[in-house]
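Structure first, commentary second.
Heavy-atom basis, side chains included; hydrogens, waters and symmetry copies ignored. By convention in this document, chain letters (A, B, ...) are assigned in the order of the sequence lines, proteins followed by strands, and residues within each chain are numbered from 1.
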Protein chains: 2
Amino acid sequence: MASLGELERAVMDLLWAGHEAATANTLRDLLAQSTEATGGAAGHEGKELAVTTVLTVLSRLEKKGLVERERGTRPHRYQAVSSREDHTAELMHEVLGSAPDREAVLARFIGSVTESEAETLRKLLGHI
Amino acid sequence: MASLGELERAVMDLLWAGHEAATANTLRDLLAQSTEATGGAAGHEGKELAVTTVLTVLSRLEKKGLVERERGTRPHRYQAVSSREDHTAELMHEVLGSAPDREAVLARFIGSVTESEAETLRKLLGHI
DNA sequence: AGTCAAGTTCTACGGAACGTAGAAAAGTTG
DNA sequence: CAACTTTTCTACGTTCCGTAGAACTTGACT
């Protein structure tokens, strides 16, 4: 139950954008951001979505454990449970986890990483 | 279009099992293996699937680019396009690739790897 | 050559996930 | 209370996947 649809991902992107800032977004915030011409690398933007559409998606994301909703405040506030980086790293572990030969997979994985990333990894591994 | 269903994965497991041996399997081979009491860690085994079911799955896997089929020989022969390890590593790259901050993801990823795997990684990174 | 059995293709149905959203209920504000 | 906003409920269409029957193709055997 890890994969996201296109719209779900778009919404997560919005939430992730404000994750550091501990900015819990209201629905209105999200709609505003999504309509905003952000310079537009996004891809899903451009359409005017119905309010309920976004709410439905938020509910589904909540059920999946990716979004937390503050039900206390009146316009509810939504936020990503974990940062995009944490979530992605977790996903990578999920993918890796299902393999019988983890080390062989890692070997191939490392084989196609950029040099700068390899450097980062060396540094990180040193500290363990 | 990367995710597999339960049966699709089971079939891939069979194909991957013989990938090294360059053994291109016929449908019959696969059915035999799937029914075989392999010691049974599998999970999907036990049911008697219709022949056409497996064929359908093979076709879908072919469309997804995971399986190659030799149409020349009469009982067609099926084989995984890449090894399980390669495929998994590729998946990991796909997951990682979608992140804006790859290095941050890697940092978190490394943070939760077993010590023996960390050791493996150090070795691999040294050789680059 | 004619029949039989195995292999393959086509078509299809039911269930789940997802995009999408209307109708209605609940709550807020003036 | 009336008007507006937010949330909940329900639902429909599409695509993916498990599952498989019907029918066509082809090699084998008599």
For a quick check of understanding: with a heavy-atom distance under 4.0 Å over all strands, which category does [X] fall into, base, sugar-phosphate or nothing?
| X | value |
| --- | --- |
| A:R71 | sugar-phosphate |
| A:R28 | sugar-phosphate |
| B:R69 | sugar-phosphate |
| B:S3 | sugar-phosphate |
| A:K64 | sugar-phosphate |

Atom [atom1] of [X] to atom [atom2] of [N]: distance rounded to whole Å?
| X | N | atom1 | atom2 | answer |
| --- | --- | --- | --- | --- |
| B:L55 | D:dA23 | CG | C1' | 14 Å |
| A:L7 | D:dT14 | CG | P | 18 Å |
| A:K63 | C:dA17 | NZ | C1' | 10 Å |
| A:E6 | D:dC16 | CD | C1' | 16 Å |
| A:L27 | C:dA21 | CG | P | 14 Å |
| A:L58 | D:dT7 | CG | P | 9 Å |
| B:E8 | D:dT19 | CD | P | 11 Å |
| B:R74 | C:dA5 | CZ | C1' | 13 Å |

Say whether, by atom type as modelled, one donor and one acceptor occur between the side chain of [X] and the main chain of [Y] under 3.5 angstrom.
| X | Y | result |
| --- | --- | --- |
| B:H19 | B:R84 | no |
| A:W16 | A:V11 | no |
| A:E8 | A:G5 | yes |

Side-chain contact check for A:R60: nearest option of D:dG18, D:dT6, D:dA11 is D:dA11
Considering just the side-chain nitrogens and oxygens of [X], establish if one lies under 4.0 Å of OP1 or OP2 belonging to [N].
| X | N | answer |
| --- | --- | --- |
| B:T53 | D:dG18 | no |
| A:Y78 | D:dT7 | yes |
| B:H76 | C:dG7 | no |

| query | Looking at A:E6 and A:R9, does any basic side-chain N land under 4.0 Å from a carboxylate oxygen? | reply | no
Q. Do B:E62 and B:R71 meet the salt-bridge criterion of a basic N to acidic O distance under 4.0 Å?
A. yes
Q: Answer with yes or no whether B:T52 presents, from its side chain, a donor or acceptor under 3.5 Å of a partner atom in the base of D:dA22.
A: no
